[in-house]
Amino acid sequence: MFKIIVLALVAVAVWVTPLPATDKPNIVFILADDLGLGDVSYYAKTIQNQEPVVSTPNIDSLAAQGLWFTDGHSATALCAPTRYAVMSGNNNYRSYAPAGVWSTFAPTAFKEGEVTLGTVVRDAGYSTGFIGKWHLGGDFYVPGTKEIYRGAKSGDLIEKVDVTRWIGGGPKYCGFDYDFTAPCGIQGPIYLFYENQRWSPWADDSEIVFFNEQTAKNPKDVSDKGPGPGDSNWDTREVGKILSSKAVDFIQSGAQSDKPFFLYYCSPMVHLPHCPTDEFDGRKVRGSSVTAHLDMLADLDMQVKRIVDALKASGEFENTLIVFSADNGGLQDGKATTAIGYQPGGEWNGSKNSPLEGGHRVPTFAVWPGHIKPGITNELAVNQDMVATFAALVGTEIPKGQAQDSNNLLPLLTGKGSFQQRDFFINQAGSRQELMFRKMPWKLIIQSNFKRTSFEPKSLYNLQNDPHEKRNLINNPEFKTVVDQMFSEYMDIVKSGRPTAPRQSQ
């Protein structure tokens, strides 16, 4: 049986001394989309000691050079809420939209002056760039006016919203000097690129059209999120190449600057629609696996290769901290399961949207040659921890009351200073509004509603004895006290608004 190992470290409050300006490394943070542990062959080979059912050689090669977190998590089990938590360092219940900001045209959840992943690095003198999927709202004008559009997010909106300009609430608002952004990634219902807040046409003859199955060059590009404003030349099959090309350009430009750079690269792979390209830099993609879904892993793997190759070609690889994570767990794939035994969560039960471990336990590792010793750790890490970790690395102090759920992992990564463990872990699942409270060995799942006005304990698991979450103990009288205590503690933590991550002090 797979066992969870909990290391007993002494929690000592320290302030990690920031590096001198000349020693500050570049930072590249790669966030994949819908990527589970079962999607990365390194995990099967190294953690499970099994023959992998998929192949991700470039991700594997990078992971082998870094520290892999077997207890690495996304902030939630679903895309948009995780992206808020990663950017802000806060759990989603602190946002006006606890279930996530899904509409391209919704107000931003970030408050004026609030630290973000971008600002903590930019304020330390870095050149900052965001490339990829956003899914965090934004401001666009109603045509011919200065009124901000807040209407429907899909459908024929050509006459209702001016999508040629991104007025506010986008990457620039969050501290990024440069951005090349797909508001919804590849999933729609907006099928457009923006570069520095302006529509970036796909080709010289591109037009903004009502992008549907009749106007799309590839009808499968119109995802289940529906039609909407789109580039007449939009082709999902080539998006990974375009985004990674922009990442290469940003790295090359940053390498020629006298400032260190930070790239936050949000790949939209391997989200629906699964429209694999034929080949990527000479590697076969379409038809390389048993399903189009798993073909997309090859696309993601090649995006990572381009980024790593660009760092090496520019001489910056040795001086770059690279962090890899995902926005939630992997996708169910019945055909792949039947054909090759594919499981999105590896040995963990659950997948995207689920409160079970496979819904939010994701591939997580960090690489920094000469500073991070390659290996494997059982320490808990959450991708929203990057705000505090990067701030500590570059020497930016986070004001009290901000990034309250972001833990500084730098001492753990570098072995310098004393790492503070979380005493507990609070996160949430997806569209069914389940909430999770983990205090080892226990994990309590709480059923809530969209407005978070009702809370009811739903499941209790002992993760040490039952890591696959097969035995729900919620109705066992023997554990009623555990349920009551954990539920009371969860409610007190949330209602009080206190931080859920250790605080650093001088």
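This is a predicted model, so every value here is computed, not measured. Because only heavy atoms are used, hydrogens play no part in the values below, and waters and symmetry mates are left out as well, while side chains stay in.
- For the atom pair Ser351 OG and Asn328 CG, the distance stands at 9.5 Å (nearest 0.5 Å).
- With sequence neighbours excluded, the residues satisfying side chain to side chain donor-acceptor pair (under 3.5 Å) with Glu489 are Lys439.
- With values rounded to the nearest 0.5 angstrom, Trp199 atom CH2 is found 8.5 Å from Thr164 atom OG1.
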**Message:** Could you go through Lys225 and Lys153, starting from their C-alpha distance and side-chain angles, then the distance that decides it, and tell me whether this counts as side chain to side chain contact (heavy atoms under 4.5 Å, CB included)?
**Reply:** CA-CA 10 Å; Lys225 303 302 180 184; Lys153 65 180 181 180; over 6 Å; no
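- Ser74 is linked by a side chain to side chain donor-acceptor pair (under 3.5 Å) to nothing, counting only residues two or more places apart in sequence or in another chain.
- Applying the salt bridge (Lys or Arg N to Asp or Glu O under 4.0 Å) definition to pairs two or more places apart or across chains, those involving residues 83-92 are Asp33-Arg83, Arg83-Asp327.
- Distance check: Phe424 CZ to Arg438 CZ gives 12.5 Å after rounding to the nearest 0.5 Å.
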**Request:** Evaluate the criterion side chain to side chain donor-acceptor pair (under 3.5 Å) for residue pair Gln197 and Tyr173; output intermediate values, then yes/no.
**Result:** CA-CA 10 Å; Gln197 298 83 59; Tyr173 182 81; over 6 Å; no
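- Contact check on Arg498 versus Asp492 returns a salt bridge, with a Lys/Arg side-chain nitrogen under 4.0 Å from an Asp/Glu carboxylate oxygen.
- When atom types are taken as modelled, the side chain of Ser406 and the backbone of Ala403 share no donor-acceptor pair closer than 3.5 angstrom.
- Lys133 places no side-chain N or O within donor-acceptor distance of the main-chain N or O of Ala182, the cut-off being under 3.5 Å.
- Although no hydrogens or angles enter the test, the distance criterion places no donor-acceptor pair under 3.5 Å between the side chain of Glu114 and the main chain of Ser88.
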List the atom pairs, with distances to 0.1 Å, where a side-chain N or O of residues 428-437 and a protein N or O form a donor-acceptor pair under 3.5 Å, not counting sequence neighbours.
from, atom 1, to, atom 2, distance (Å)
Gln428, NE2, Pro98, O, 2.9
Ser431, OG, Asn353, OD1, 3.4
Ser431, OG, Asn353, ND2, 2.9
Gln433, NE2, Ser431, O, 3.2
Glu434, OE2, Lys458, NZ, 2.7

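- Residues Trp102 and Pro81 come closest through the heavy atom pair CZ2-CD, 3.6 Å.
- With hydrogens and angles ignored, the 3.5 Å screen pairs a side-chain donor or acceptor of Asn196 with a backbone N or O of Asp179.
- Taking the six-membered ring where the residue is Trp, the centroids of Phe365 and Phe324 are separated by under 6.0 Å.
- What you find for Ala366 and Leu321 is that their closest heavy atoms are CB-CD1, 4.4 Å.
- Applying the side-chain contact (heavy atoms from CB on, under 4.5 Å) test to Ser95 and every residue at least two apart in sequence or in another chain returns Tyr84, Ala97, Ala109.
- When atom types are taken as modelled, the side chain of Thr116 and the backbone of Cys174 share a donor-acceptor pair closer than 3.5 angstrom.
- In this pair, Phe130 and Trp134 present their aromatic rings perpendicular. The plane angle is above 60°, beyond the 30 to 60° band.
- Here the side chain of Ser488 pairs no donor or acceptor atom with the backbone of Asp484 at under 3.5 angstrom.
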Which atom pairs, one a donor and one an acceptor, fall under 3.5 Å between side chains of residues 60-69 and the rest of the protein, sequence neighbours left out?
from, atom 1, to, atom 2, distance (Å)
Asp60, OD1, Ser41, OG, 3.2
Asp60, OD1, Tyr42, N, 2.9
Asp60, OD1, Thr56, OG1, 2.9
Asp60, OD2, Ser41, OG, 2.4
Asp60, OD2, Tyr42, N, 3.3
Asp60, OD2, Lys45, NZ, 3.1
Gln65, NE2, Ser61, O, 3.1

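- Closest of all the heavy-atom pairs between Ile59 and Asp301 is N-OD1, 2.8 Å.
- Taking the six-membered ring where tryptophan is involved, the planes of Phe180 and Phe193 are tilted, since the angle between them lies from 30° to 60°.
- Taking OG from Ser418 and CG from Asn408, the interatomic distance works out to 11.0 Å, rounded to the nearest 0.5 Å.
- Side-chain N or O atoms of Thr453 include none that pairs as donor or acceptor with a backbone N or O of Lys451 at under 3.5 Å.
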**Asked** Going through the checks in order, is the side chain to side chain donor-acceptor pair (under 3.5 Å) test met by Asp466 and His468?
**Response** CA-CA 5 Å; Asp466 179 27; His468 302 294; over 6 Å; no
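- Residues passing the side-chain contact (heavy atoms from CB on, under 4.5 Å) test with Arg422, sequence neighbours excluded: Leu380, Val382, Gln384, Asp385, Asn407, Thr500, Ala501, Pro502.
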**Item:** Residue pair Asp249, Ser253: steps toward the side chain to side chain donor-acceptor pair (under 3.5 Å) verdict
**Value:** CA-CA 6 Å; Asp249 290 345; Ser253 175; over 6 Å; no
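- By the 30° and 60° cut-offs, the orientation of the rings of Tyr149 relative to Phe105 is perpendicular.
- Interatomic distance, OG1 of Thr389 versus CG of Asn383, reported as 11.0 Å (0.5 Å rounding).
- Take Trp442 and apply the ring pair (Phe, Tyr, Trp, His ring centres under 6.0 Å) test, not counting sequence neighbours, and it matches Phe479.
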**Message:** Test salt bridge (Lys or Arg N to Asp or Glu O under 4.0 Å) on Asp177 and Arg122; report intermediate values, then the result.
**Reply:** CA-CA 8 Å; Asp177 305 314; Arg122 180 202 63 191; 5.5 Å; no
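- Under the side chain to side chain donor-acceptor pair (under 3.5 Å) criterion, Arg306 pairs with Ser244, Asp281, sequence neighbours left out.
- Under the rule for a side-chain contact (heavy atoms from CB on, under 4.5 Å), the partners of Asn472 that lie at least two apart in sequence or sit in another chain are Ser459, Tyr461, Ile474.
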**Request:** Kindly determine whether Arg150 and Asp139 satisfy salt bridge (Lys or Arg N to Asp or Glu O under 4.0 Å), including the steps that lead there.
**Result:** CA-CA 8 Å; Arg150 296 293 185 215; Asp139 301 338; 2.7 Å; yes
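- Heavy atoms only, all atoms of each residue included: Thr320 and Val28 are closest at CG2-CG2, 3.8 Å.
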**Item:** salt bridge (Lys or Arg N to Asp or Glu O under 4.0 Å) between Lys246 and Glu195, worked out
**Value:** CA-CA 10 Å; Lys246 291 292 183 178; Glu195 189 164 28; 3.5 Å; yes
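- Within the 3.5 Å criterion, the main-chain N or O of Gly350 finds no donor-acceptor partner in the side chain of Trp348.
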**Asked** Are Glu316 and Asn26 close enough, and set up right, to give a side chain to side chain donor-acceptor pair (under 3.5 Å), and what steps lead you there?
**Response** CA-CA 8 Å; Glu316 297 294 337; Asn26 308 307; 2.7 Å; yes
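- Remark: side-chain polar atoms of Ser154 are not paired, donor with acceptor, to backbone N or O of Pro189 under 3.5 angstrom.
- One finds the CD1 atom of Ile322 at 13.5 Å from the OH atom of Tyr265 (value rounded to the nearest 0.5 Å).
- Remark: Thr145 engages no residue in a side chain to side chain donor-acceptor pair (under 3.5 Å) (not counting sequence neighbours).
- Between the side chains of Ser314 and Gln252, no donor-acceptor pair is found at a separation under 3.5 Å.
- With sequence neighbours left out, the ring pair (Phe, Tyr, Trp, His ring centres under 6.0 Å) criterion links Phe487 to no other residue.
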